[in-house]
Novice: 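Dropping a structure here in structure tokens format, bear with me for questions.
So that the names make sense, note that chain A is the first sequence line, chain B the second, and so on, each numbered from 1. Values below: every heavy atom of this structure, side chains too, minus hydrogens, waters and symmetry copies.
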2 protein chains.
Amino acid sequence: MSLDKRKVKILKAIITSYIDNAEAVGSRTISKKYELGVSPATIRNEMSDLEDMGYLVQPHTSSGRIPTDKAYRYYVNDLWEKIKSSRHPNLAQLRKIIEEKSNELDELFKNSVRILSQFTRYTSFVVAPQLKQSVIKRIQLVPVSEHKVLMLIILQANIVKQVMLRLNSPIPFDQLEKISASLSERMYGYKMEDIDTIKDTIIKELYISKETSSDALMEILPYLMEQIAKLDDLNVYSDGITNILDLPEYNDVVKAREFISFVEDKSSFAKLLQHTGDSDLDICIGSENKHLELKDCSLITATYKLNGKLIGRIGVIGPTRMDYDNVISTVKSISDAISDIINQNYSIENKE
Amino acid sequence: MSLDKRKVKILKAIITSYIDNAEAVGSRTISKKYELGVSPATIRNEMSDLEDMGYLVQPHTSSGRIPTDKAYRYYVNDLWEKIKSSRHPNLAQLRKIIEEKSNELDELFKNSVRILSQFTRYTSFVVAPQLKQSVIKRIQLVPVSEHKVLMLIILQANIVKQVMLRLNSPIPFDQLEKISASLSERMYGYKMEDIDTIKDTIIKELYISKETSSDALMEILPYLMEQIAKLDDLNVYSDGITNILDLPEYNDVVKAREFISFVEDKSSFAKLLQHTGDSDLDICIGSENKHLELKDCSLITATYKLNGKLIGRIGVIGPTRMDYDNVISTVKSISDAISDIINQNYSIENKE
DNA sequence: GTTAGCACTCAATCAAGGAGAGTGCTAACA
DNA sequence: TGTTAGCACTCTCCTTGATTGAGTGCTAAC
């Protein structure tokens with residue numbers, strides 16, 4: 001038995017209908033709503049075949065049928081060519097909205113997830129880039145008050161990270177400048193992930209070269225290094241988590257609670273996301289997910305890149321019965337927009 | 001008819017029981033669980049009186065009784081003396097947890113709401129201080145790349161706000177220093193809320209004094225001023241919104257959705273909070289709230305202060321049937337902790 | 001003033017009985 | 001040989017009615 005043309009037509013009709021209504025689809029519905037030119041009886045036969053082939057299931061003997069994960073997978077693969085070249089109709093506008101209010105990376109991601117969840121009506125997320133690979137360009141200490149200094153870590157990609165330091169005893173302004181200079185000099189070119197290993201060496205070096213050091217500096221140096229090393233946490237932004245409350249499959253509070261708990265637990269969620277492939281676009285349907293909690297969910301993830309290198313992920317999580325076409329094109333468009341914005345604003349400028 | 005001692009005892013027993021179980025309380029339950037030395041029949045008579053007096057209602061003729069808002073109000077007022085002096089048992093520990101990871105204001109508030117919602121199991125929020133009244137101490141421009149400059153606005157309270165600026169054409173390093181200096185000089189002492197009015201004057205002044213100006217500066221100055229004026233948005237942090245899904249009164253998804261939508265809409269929620277009084281501790285029970293959406297909720301808010309001046313609010317929102325004792329003492333303790341931390345870290349230092 | 005007793009009320013639960021949607025099978029038809 | 005009409009069958013959902021149980025209010029006795 002093979003998927004002939006008519007079977008495909010029927011299968012797609014069933015999937016479309018189920019995506020729209022979340023209700024098992026019967027043969028009469030199909031023959032009425034979708035013009036296939038055959039009677040319900042014929043459709044019934046075909047549906048029976050499709051069930052044997054694993055594309056459909058019946059929740060109970062006398063109900064209509066529901067697409068299986070295999071059906072969605074077929075559906076998505078079939079759409080693949082169309083999807084690969086698809087763009088969200090409002091891409092340009094989308095990009096503008098995201099970019100407009102995103103002076104900094106943090107805002108960029110917040111805006112992106114917000115828009116993504118608004119457009120899809122599902123839960124969206126972004127895994128922010130880890131800075132492990134980022135190269136340090138400069139360290140700048142800015143005096144704030146007698147006992148407070150703001151440390152700016154300026155990375156090659158023009159990302160600025162900051163840590164507020166508390167001093168036990170004041171350090172004069174010109175000292176701070178000197179310290180900034182010698183810290184910059186010593187740490188220039190190192191990656192963020194190296195700091196943990198090199199910090200002891202740097203502390204020692206600075207200690208020996210009395211010239212640029214001071215008691216105050218020596219006091220805070222270990223603390224300062226530790227703060228830098230801490231910066232590199234894995235960061236996940238999400239939005240629209242409560243959108244699932246609008247879906248009929250979650251109008252049981254317990255189920256909804258389970259989903260929300262899982263997604264709100266950023267660390268476990270982040271772990272999950274790291275297992276998605278490195279391809280531009282990854283679609284994980286239902287039981288293809290390794291987590292039992294997500295066996296009824298699909299995960300659409302796309303990557304965004306800086307200078308052609310994968311640095312993070314963005315995506316949507318929703319019921320397997322999701323509007324793949326729309327979600328995929330939106331995720332793709334937004335990930336592209338992010339890549340564009342990042343490359344424009346944070347790539348290592350040629351002149352430098 | 002008056003609230004004699006026995007009536008009070010019975011009322012409290014009913015309230016306590018209802019807070020625990022969210023189920024209408026009957027006379028038998030009371031006589032069994034709370035040792036009052038009288039029979040259910042007597043309690044029934046008293047309950048009937050309490051209903052006449054407006055402290056109780058019956059959802060239907062043959063059910064137990066439920067406390068009214070008036071009853072909660074009585075209960076809270078009665079606890080008042082105890083509450084006023086109450087402190088959370090783990091206050092010191094609490095303060096430590098909050099403080100430890102809170103290098104910056106932003107983190108301070110995030111940690112506070114997180115802990116508050118974890119301890120109370122309800123929804124918590126903080127209204128961050130608006131900076132309107134904050135006085136500018138210094139402006140510092142930090143070069144990041146050829147086309148990017150980070151502007152730091154350092155306020156008298158040692159809060160640092162930042163805006164990333166994009167330049168169309170590069171500005172040399174020493175120029176930036178000069179600009180920083182002259183901006184600082186001209187803006188020193190002004191309040192954030194003044195900026196909108198004075199910005200045109202400053203732009204003009206700087207334009208006239210060719211000495212410190214440059215074409216590049218003149219180009220970005222309006223943009224820069226606009227960015228500063230934008231900084232002062234009202235900011236509300238919240239946490240534990242989905243905790244209500246665990247409450248029996250919200251196991252109807254539609255109701256839960258309504259609540260969540262209301263609270264997630266930060267702007268309308270912030271407006272609501274501004275109407276709470278200026279007292280240290282404000283308790284708004286059920287229909288005492290002006291918003292219909294919150295007629296079944298109580299709002300416990302406390303204020304936090306800097307140098308004795310009210311600068312923000314923190315609180316918890318939950319069902320009228322909330323554990324007032326615990327919630328109030330927790331809110332109070334955390335608001336105190338915030339005040340402490342803020343005063344320690346952000347008050348205007350004497351020596352300056 | 002307190003309490004035991006009893007009739008009464010009403011939500012919640014459960015079983016039984018359609019109604020309706022949908023299927024699978026069979027036999028007839030093109 | 002594929003398609004279709006017809007029909008019996010299945011299973012969920014909804015309604016209805018009966019039952020249960022928690023709780024009340026009233027009355028009369030203590």
Novice: Look through every strand shown and name the nucleotide pairing with D:dC30 as Watson-Crick or G-U wobble, where both distances are under 3.5 Å.
Specialist: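 Check on D:dC30: paired to C:dG1, both distances under 3.5 Å.
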Novice: Assuming nearest nucleotide by heavy-atom distance, tell me which of B:S63 and B:E46 is located more 5' along DNA chain C.
Specialist: B:E46
Novice: Which of the following nucleotides, C:dT23, C:dT3, C:dA11, is nearest to the side chain of B:A41?
Specialist: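 Of C:dT23, C:dT3, C:dA11, C:dT3 is nearest to the side chain of B:A41.
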Novice: What is the distance from CG of B:L56 to P of D:dG23, rounded to the nearest Å?
Specialist: 14 Å
Novice: Whom does C:dT23 pair with, Watson-Crick or G-U wobble, provided both distances fall under 3.5 Å?
Specialist: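 Partner of C:dT23: D:dA8.
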Novice: Within the structure, does a side-chain N or O atom of B:S27 lie under 4.0 Å from either OP1 or OP2 of D:dT24?
Specialist: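 Checking B:S27 against D:dT24: at least one side-chain N or O falls below 4.0 Å of OP1 or OP2.
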Novice: Nearest to the B:S39 side chain among C:dT3, D:dC11, C:dT2, which nucleotide is it?
Specialist: C:dT3
Novice: Tell me which of B:P40 and A:E51 sits closer to the 5' end of DNA chain C, going by the nucleotide each one is nearest to.
Specialist: B:P40
Novice: Whole angstroms only, please: what is the CD-P distance between B:Q58 and D:dG23?
Specialist: 11 Å
Novice: Just wondering, more than 12 heavy atoms not from B:E23 lying within 6.0 Å of its CD?
Specialist: no
Novice: For the pair B:Y324 and B:Y72, name the ring-plane relationship: parallel under 30°, tilted 30 to 60°, perpendicular over 60°.
Specialist: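 Geometry flag for B:Y72 against B:Y324: tilted rings.
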Novice: Using whole Å, report how far CG of B:D49 lies from P of D:dT24.
Specialist: 13 Å
Novice: Quick check on B:K9: does its NZ atom have over 12 non-hydrogen neighbours (other residues, nucleotides or ligands) under 6.0 Å away?
Specialist: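 Not buried by this count: 12 neighbours or fewer within 6.0 Å.
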Novice: Under 4.0 Å, heavy atoms only, any strand: does B:T42 hit a base, just the sugar-phosphate, or nothing?
Specialist: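 Base, at least one base heavy atom under 4.0 Å.
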Novice: Where the side chain of B:R6 is concerned, which of D:dG23, C:dG24, C:dT2 is the nearest nucleotide?
Specialist: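 Shortest atom-to-atom distance from the side chain points to C:dT2.
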Novice: Please report, rounded to the nearest Å, how far the C1' atom of D:dG25 is from the NE2 atom of B:H60.
Specialist: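 It works out to 15 Å between those atoms.
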Novice: Classify the side chain of A:R44 and the base of D:dG6 as holding, or not holding, a donor-acceptor pair under 3.5 Å.
Specialist: yes
Novice: With a 4.0 Å cutoff (strictly under), does any side-chain N or O of B:S62 reach OP1 or OP2 of D:dG21?
Specialist: no
Novice: Could you check whether B:R28 gets within reach of a base, just the sugar-phosphate, or nothing at all, counting any heavy atom under 4.0 Å?
Specialist: nothing
Novice: Using a strict cut-off of less than 4.0 Å between a Lys/Arg side-chain nitrogen and an Asp/Glu carboxylate oxygen, indicate whether A:R321 and A:D296 qualify as a salt bridge.
Specialist: no
Novice: Would you kindly give the CG-to-P distance between B:N21 and D:dG23, to the nearest whole Å?
Specialist: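 After rounding, the reported distance stands at 11 Å.
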Novice: Rounded to whole Å, how long is the line connecting atom CG of B:L36 with atom P of C:dT3?
Specialist: 11 Å
Novice: Please report, rounded to the nearest Å, how far the P atom of D:dT24 is from the CG atom of B:D52.
Specialist: 14 Å
Novice: Give the rounded distance in Å between these two atoms: CD1 of A:I43 and P of C:dT23.
Specialist: 10 Å
Novice: State whether A:E249 and A:K255 are salt-bridged, where the test is any N-O pair (Lys NZ or Arg NE/NH1/NH2 against Asp/Glu carboxylate O) under 4.0 Å.
Specialist: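 No salt bridge links A:E249 with A:K255.
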